[in-house]
Amino acid sequence: MVALSEGAGRNAADPDTRLAAVAFIEADRTLRETQDGDEAGSAFLALIDKGSIGPKAAMAGTPYA
């Protein structure tokens, strides 16, 4: 995760960086298992979506939404 964040010029403790790193790791695992770049890309985007939808839903109806 540190190498990924440094490569992007971001702090490894940044929540967005951590989410992207986890999604990248999942996409890499999917690519190695399936050899399908489209499926790996979908795995990456699915985790990014889940990582952003959950907090938005949790904050709905609050001043933080």
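Quick note: numbers below take in every heavy atom, side chains included, and nothing from hydrogens, waters or symmetry partners.
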Legend entry - Distance (rounded to the nearest 0.5 Å) between Leu47 CG and Thr30 OG1: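 It comes to 8.5 Å.
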
Inset, instruction - Kindly compute the distance separating CD (Gln35) from CG (Leu31), expressed to the nearest 0.5 Å. - result: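 If I round to the nearest 0.5 Å, the distance is 6.0 Å.
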
Legend entry - side-chain contact (heavy atoms from CB on, under 4.5 Å) involving Ala21 - partner list, sequence neighbours excluded: Met1, Leu4

Legend entry - Non-neighbouring partners of Asp28 that pass salt bridge (Lys or Arg N to Asp or Glu O under 4.0 Å), sequence neighbours left out: Arg32

Contacts table for residues 38-46: side-chain donor-acceptor under 3.5 angstrom, sequence neighbours left out:
{"from": "Ser42", "atom 1": "OG", "to": "Asp38", "atom 2": "O", "distance (Å)": "3.1"}

Inset, instruction - Sequence neighbours left out, what pairs pass side chain to side chain donor-acceptor pair (under 3.5 Å) with at least one residue falling in residues 43-54? - result: none

Give the table of side-chain donor-acceptor pairs shorter than 3.5 Å for residues 6-14, with sequence neighbours excluded, one pair per line with atom names and distance.
{"from": "Arg10", "atom 1": "NH2", "to": "Asp14", "atom 2": "OD2", "distance (Å)": "2.9"}
{"from": "Asn11", "atom 1": "OD1", "to": "Ala13", "atom 2": "N", "distance (Å)": "2.7"}
{"from": "Asp14", "atom 1": "OD2", "to": "Asp16", "atom 2": "N", "distance (Å)": "3.3"}
{"from": "Asp14", "atom 1": "OD2", "to": "Thr17", "atom 2": "N", "distance (Å)": "3.0"}
{"from": "Asp14", "atom 1": "OD2", "to": "Thr17", "atom 2": "OG1", "distance (Å)": "3.0"}

Inset, instruction - Give a yes or no on whether Leu19 and Phe24 share a hydrophobic cluster (residues Ile, Leu, Val, Met, Phe, Trp, Tyr; joining criterion: side-chain heavy atoms under 4.5 Å apart). - result: yes

